[in-house]
Amino acid sequence: MNRRGLLAATAATGLTLATVSFARAEDRSGPGPDGPHRTRTVRGTLPVGSPDYVYLPVDVPRGVAEFAVSYTYGKPPVPPGVQGNALDIGLFDERGTALGGRGFRGWSGGARTSFFVRADAATPGYLPGPVRPGTWYIALAPYTVAPEGLPYEVTVTLRFGEPAPAPAPVYPPERARGRGRAWYRGDCHVHSVHSDGRRTPAEVAAAARAAGLDFINSSEHNTTSAHAAWEGLWGDDLLILTGEEITTRNGHVLAVGTDPGVFVDWRYRARENRFGRYAHQVRRAGGLVVPAHPHATCIGCNWKFGLADADAVEVWNGPWTPDDEIALAEWDNTLVAAVRNPGDGGDGPGRWLPAMGNSDAHREPDRVGHPQTVVLAESLSRRAILAGIRAGRSYLAESTALTLSFGATDGRGEHAGIGERLRAAADAPVTVRLEVSGAAADCTVRLVTDQGVLLTTPLSAAGTGVVEWRTTPAHAAYVRAEVRHAPAVPGLPGAFAALTNPVFLDAAGGTAG
């Protein structure tokens with residue numbers, strides 16, 4: 001079988017190259033500024049049709065204190081519309097590359113061209129720990145390949161000596177002081193230098209405080225290295241959750257609030273039917289499964305795994321764009337399906353997915369907290385925040401300046417708030433009330449139901465207002481509110497200032513009276 005055929009045949013599982021050995025006489029070695037070391041360089045070319053993951057084995061002898069890698073690859077010019085070369089990189093240790101990640105030691109994607117790991121430290125994106133003897137694996141991931149192929153050069157340096165003591169990781173606490181039962185503001189999709197961000201964890205935490213946030217979620221691409229990087233950055237005013245942005249070739253998904261140190265693998269495509277296994281792992285680790293920017297246009301970003309295994313969905317990612325509008329419409333359709341297919345007992349909505357909004361901030365001028373998810377929780381704790389998100393007791397806002405209050409009340413005085421259910425007779429009058437403060441002067445309110453947009457009204461020039469609307473459960477199975485800016489393009493919807501999860505109105509049978 002020729003090389004191209006082998007690459008195609010092994011696309012699902014990856015390809016393993018020839019092992020790099022340090023036993024040959026031509027190895028460059030010497031004391032160097034960092035002590036005794038040996039270096040080898042490997043070159044090759046990956047053709048179009050290469051597997052998603054190509055593994056370069058490295059035999060590591062005893063006595064190695066540091067494993068260091070640098071790499072380069074060719075980027076030939078390509079015509080407009082043709083994919084150029086992009087090569088990601090990561091590392092697995094002697095425990096191997098099997099799915100599940102026992103051997104995982106780090107991932108930097110395409111964010112950096114070199115890294116190291118040793119017992120006491122590692123490049124951001126990589127996990128410190130002992131460099132044990134055995135076969136290690138450099139993972140090369142050809143994200144896109146130009147028509148003429150992807151030439152690469154990988155240099156491996158092993159430095160010898162006594163390893164420094166490995167410090168015990170210090171993880172964020174699961175609770176901050178908070179305000180008891182209250183609305184808490186958070187951003188569950190932020191990046192730092194531990195993946196492709198440019199801010200340090202300290203700068204992310206400072207930006208979160210400046211934005212008035214109560215919590216953030218560490219969500220680096222395909223690595224947990226940042227989980228232990230927040231020491232000294234949390235406080236009574238800021239809860240830091242640990243998680244991951246699981247970045248597959250068929251879409252990205254946030255693991256929100258998982259146990260510190262829990263790694264979730266990403267090396268599968270939708271056609272392999274493996275995502276359910278890893279979604280279960282996220283929940284087993286105490287976290288939520290949240291598909292991110294499901295209709296983003298970047299290569300590999302579009303969500304292809306469906307929503308059956310999700311706990312919520314990110315419908316607003318950073319500044320409002322047309323792909324967010326598509327995500328919103330798709331999410332609204334899932335609400336319609338939920339009320340058309342009642343849950344157990346034959347009444348009330350079936351399973352529904354709450355919406356989330358996050359900044360996906362990477363670097364200046366990305367704004368941490370634009371947008372943010374505002375959650376009604378019993379306390380500022382991991383358990384309470386995740387419970388509030390899971391239940392949909394939340395709304396999305398462009399900043400902490402904007403505050404909403406939204407709910408529905410029937411003639412008996414029964415009330416339901418965001419994410420809750422109001423049971424009333426099919427024809428019983430129900431009053432829906434929205435209070436808005438802190439919006440821009442150009443904003444308009446829309447009330448949306450399973451029948452579509454049923455009310456549109458402008459806010460006052462001060463960006464505040466109260467909107468009341470009367471309906472019945474027979475006319476509206478749910479109601480949600482949108483606060484939108486004036487359209488930038490006439491005839492198109494304006495960008496969001498805020499968005500609520502729905503209030504469900506369930507017909508209890510019979511008539512009012």
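All values below were derived from every heavy atom in this structure, side-chain atoms included, with hydrogens, water molecules and symmetry-related copies excluded.
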Of Leu307, Val253, Val313, the residue whose pairing with Pro294 passes side chain to side chain contact (heavy atoms under 4.5 Å, CB included):
Val313
With Phe22, which of Val156, Val60, Thr39 fulfils side chain to side chain contact (heavy atoms under 4.5 Å, CB included)?
Val156
Can any side-chain N or O of [X] pair as donor or acceptor with the backbone N or O of [Y] at less than 3.5 Å?
X: Arg267; Y: Thr97; result: yes
X: Glu244; Y: Val264; result: yes
X: Arg38; Y: Phe160; result: no
X: Glu330; Y: Ala327; result: no
X: Glu482; Y: Val448; result: no
X: Asn358; Y: Cys188; result: yes
X: Arg382; Y: Leu239; result: no
X: His370; Y: Glu398; result: yes
X: Tyr143; Y: Asp52; result: no

What's the separation between atom [atom1] in [X] and atom [atom2] in [Y], rounded to the nearest 0.5 Å?
X: Asp366; Y: Asp360; atom1: CG; atom2: CG; value: 8.0 Å
X: Asp323; Y: His295; atom1: CG; atom2: NE2; value: 8.5 Å
X: Leu56; Y: Leu17; atom1: CG; atom2: CG; value: 5.5 Å
X: Ser225; Y: Leu127; atom1: OG; atom2: CG; value: 6.5 Å
X: Asp88; Y: Asn222; atom1: CG; atom2: CG; value: 8.5 Å
X: Leu380; Y: Glu174; atom1: CG; atom2: CD; value: 12.5 Å

Quick one: closest heavy-atom pair of [X] and [Y], and the distance?
X: Ser108; Y: Phe115; result: OG-CD2, 4.5 Å
X: Arg95; Y: Arg102; result: CZ-O, 2.9 Å
X: Pro167; Y: Ala119; result: CD-O, 4.3 Å
X: Phe215; Y: Thr373; result: CZ-O, 4.0 Å
X: Arg249; Y: Ala141; result: NH2-CB, 3.5 Å
X: His485; Y: Ala497; result: NE2-CB, 3.8 Å

For a 4.5 angstrom cut-off between non-hydrogen side-chain atoms, does [X] reach [Y]?
X: Glu203; Y: Val193; answer: no
X: Pro61; Y: Pro133; answer: no
X: Val262; Y: Gln281; answer: yes
X: Pro128; Y: Arg118; answer: no
X: Val78; Y: Gln83; answer: no
X: Val54; Y: Thr16; answer: no
X: Val282; Y: Ile246; answer: yes
X: Pro172; Y: Thr242; answer: yes

Is atom [atom1] of [X] surrounded by more than 12 heavy atoms (other residues, nucleotides or ligands) closer than 6.0 Å?
X: Arg132; atom1: CZ; value: yes
X: Arg284; atom1: CZ; value: yes
X: Glu162; atom1: CD; value: no

Check whether the side chains of [X] and [Y] place a donor and an acceptor atom closer than 3.5 Å, and report yes or no.
X: Asn501; Y: Ser394; result: yes
X: Glu314; Y: Asn317; result: yes
X: Ser399; Y: Gln372; result: no
X: Trp320; Y: Glu325; result: yes
X: His221; Y: Thr247; result: yes
X: His252; Y: Glu245; result: yes

Checking Arg283 against Val289 for the side-chain contact (heavy atoms from CB on, under 4.5 Å) test, could you report, in this order, the C-alpha distance in whole Å, the side-chain angles of both residues, the deciding distance, and whether it holds?
CA-CA 7 Å; Arg283 284 189 281 271; Val289 178; 3.6 Å; yes
Can you tell whether the side chains of [X] and [Y] come within less than 4.0 Å, N to carboxylate O?
X: Arg185; Y: Asp214; answer: no
X: Glu364; Y: Arg199; answer: yes
X: Asp265; Y: Arg277; answer: no

Decide if the gap between the ring center of [X] and the ring center of [Y] is smaller than 6.0 angstrom.
X: Phe67; Y: Trp136; result: yes
X: Trp230; Y: Trp234; result: no
X: Phe116; Y: Tyr126; result: no
X: Phe275; Y: Trp303; result: yes

Mind running side-chain contact (heavy atoms from CB on, under 4.5 Å) on Tyr171 and Glu231 for me, showing each step along the way?
CA-CA 7 Å; Tyr171 296 126; Glu231 186 174 2; over 6 Å; no
Would you call the rings of Tyr55 and Phe92 parallel, tilted or perpendicular if under 30° counts as parallel and over 60° as perpendicular?
perpendicular
Residues Asn217, His189; criterion side chain to side chain donor-acceptor pair (under 3.5 Å); working and verdict:
CA-CA 6 Å; Asn217 178 68; His189 190 168; over 6 Å; no
Tell me, with the steps shown, if Val154 and Val69 meet side-chain contact (heavy atoms from CB on, under 4.5 Å).
CA-CA 7 Å; Val154 179; Val69 176; 4.0 Å; yes
Of Phe305, Tyr268, Trp266, the one forming a ring-ring contact (aromatic ring centres under 6.0 Å, His included) with Tyr278 is Tyr268
Before giving the answer on side-chain contact (heavy atoms from CB on, under 4.5 Å), spell out for Glu94 and Thr135 the whole-Å C-alpha distance, their side-chain angles and the decisive distance to 0.1 Å.
CA-CA 5 Å; Glu94 84 289 347; Thr135 302; 5.9 Å; no
Test the Arg484-Phe496 pair against the cation-pi criterion, namely NZ or CZ under 6.0 angstrom from the six-membered ring centroid and within 45° of the ring axis.
yes
Take Ser359 and Asp187 through the side chain to side chain donor-acceptor pair (under 3.5 Å) test and state the conclusion after the steps.
CA-CA 7 Å; Ser359 72; Asp187 188 346; 2.5 Å; yes
